[in-house]
Amino acid sequence: MKISVYGAGNQKLYLEKLKVPEKFGGEPPYGGSRMAIEFAKAGHDVVLAEPNKDIMSDDLWKKVEDAGVKVVSDDIEAAKHGEVHILFTPFGKITFNIVKTIIEHVPENSVICNTCTLPTPVLYRSLEGILRLKRKDVGISSMHPTGVPGTPSQKYYTIAGKALEGKEYAAEEQINKLVELVKSIGKIPYVAPADIVPAVADMGSLVTAVALVGVLDHYRVGRELINAPKDMIEKQILVSLQTIASIIETSGIEGLMKVLDKDALITSAKNMLIDERQKDLDLALKIIEEFDKSTIGEKDVNQTYLVAPQALIKEAVSLIGQSAVEGMIRRSSNKLFE
Amino acid sequence: MIDRILLELNKTEGIKGSMVVGKDGLVIASQLPGNVDAELVGAMASAAFGAAERTAAEIGMGNLEQTMIEGEHGKTLMVDAGEGILVVLTDAKVNLGLIRITMKRAAEKIKAMF
């Protein structure tokens with residue numbers, strides 16, 4: 001398979017800030033360059049595009065080249081090479097610029113994959129004009145390493161499949177190609193709905209995991225101990241998650257800190273500490289109790305509408321139609337990532 | 001190619017500019033005056049056309065063919081162009097019959113391109 005990887009990975013971050021070798025094991029290079037090495041060692045024809053040679057030391061570059069990876073500094077040269085294109089590029093405008101540069105040059109039926117820097121739907125939407133008119137053959141997905149490439153715990157690649165909203169950002173054959181690629185390097189492919197990939201595979205998985213514990217605990221306590229109706233429990237979970245998400249969206253973490261009265265929350269939540277199995281809540285109460293708000297600061301909450309987004313979308317569809325609403329969602333989502 | 005159709009359309013007397021947007025508001029081609037924000041107008045056209053389409057269906061008028069927004073200083077006409085909407089901005093006083101015929105012809109050509 002012909003693979004193009006964009007970005008070698010910030011070794012300074014891995015080695016000096018995150019101290020990856022000490023904490024997670026493995027050996028440098030980590031990140032995109034390690035992905036390129038692993039693909040090449042599995043027999044694939046790999047090009048790694050990295051305009052900044054200084055991102056790694058010479059001995060690390062030698063490891064990359066010794067593995068059979070062709071290193072180039074020009075993104076367009078890499079674009080012309082691969083049937084699979086993997087963006088291991090910095091968060092933000094740089095990635096958008098790279099992808100807009102390469103899209104015109106990639107071979108027919110190529111698939112372009114993000115890693116952890118931006119969600120697949122956002123990547124798709126940044127290219128939508130071209131993808132819908134000129135390059136209908138190109139698919140968009142992800143090859144999210146779900147860990148740091150080069151560490152022993154990096155076992156999965158999360159591939160963005162058909163989204164929960166129903167959209168297919170890549171053809172089935174393109175997704176299958178990614179699955180085969182992952183298997184070829186001895187890793188586990190996890191095809192997840194495109195829109196949930198960041199929540200399960202990215203750094204945000206911390207939030208997902210902790211929130212999930214709260215959801216499951218509330219569900220168990222509500223159903224088994226309080227014997228409350230399932231619908232009521234689900235609505236309570238929804239309102240809590242929606243409240244936190246909405247305030248963070250309009251007013252940031254500082255707004256959330258301002259609006260949530262720590263002591264009142266602890267007092268209220270203590271009433272839900274019903275049996276000894278709730279180690280999660282017990283620990284959460286201690287953490288909140290000891291948490292120093294001043295480390296984050298506070299600010300006034302901006303106007304925030306706490307409406308259930310799915311219900312709102314249904315109402316909008318009934319008024320202006322599916323297509324117009326999908327356009328609204330696309331534009332608002334783009335603004336969220338601007 | 002769509003741009004050529006729009007440029008031709010813009011030669012009609014009274015037309016100030018035109019564009020084609022997807023039904024979701026994505027700008028496909030635009031030949032609007034420089035002072036008009038094409039992306040914003042495209043999004044608004046999609047919402048206005050969608051609302052008109054839903055209203056027509058709800059009151060049993062059948063498929064929507066055309067929508068017109070009439071303002072003090074001009075009109076905005078929107079016609080169905082298959083997967084897209086053809087949007088035309090005109091002066092206030094125009095020969096609407098001529099513009100409608102011209103738009104219909106252009107819309108047929110655009111439909112064939114999707």
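In what follows, chains carry the letters A, B, and so on, assigned in the order in which the sequence lines appear, proteins first and then strands, with residues in each chain numbered from 1.
Among the candidates B/Ala43, B/Ala45, B/Gly25, the residue making the largest number of heavy-atom pairs closer than 4.5 Å to chain A is B/Ala43.
For the salt bridge (charged side-chain N to carboxylate O under 4.0 Å, His left out) condition, the pairs that include at least one residue of residues 9-19 of chain B, sequence neighbours left out, are B/Glu8-B/Lys11. Residues in residues 60-74 of chain B take part in these salt bridge (charged side-chain N to carboxylate O under 4.0 Å, His left out) pairs, two or more places apart or across chains: B/Glu70-B/Lys75. Pairs passing the ring-ring contact (aromatic ring centres under 6.0 Å, His included) check and including a residue from residues 55-85 of chain B, sequence neighbours excluded, do not occur.
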Interface of chain B and chain A, donor-acceptor atom pairs under 3.5 Å:
unit_1  : atom_1 : unit_2   : atom_2 : d
B/Asp24 : O      : A/Arg331 : NH1    : 3.1
B/Asp24 : OD1    : A/Arg132 : NH2    : 3.4
B/Asp24 : OD2    : A/Arg132 : NH1    : 2.7
B/Asp24 : OD2    : A/Arg330 : NH1    : 2.9
B/Arg54 : NE     : A/Ser318 : O      : 3.0
B/Arg54 : NH2    : A/Ser318 : O      : 3.3

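The 12-atom threshold is not exceeded at CE of B/Met44, counting heavy atoms of other residues, nucleotides or ligands nearer than 6.0 Å. Annotation: B/Met61, atom CE; neighbour count of heavy atoms from other residues, nucleotides and ligands within 6.0 Å does not exceed 12.
Between atom CG of residue A/Leu133 and atom CG of residue B/Leu26 there is a gap of 7.0 Å, rounded to the nearest 0.5 Å.
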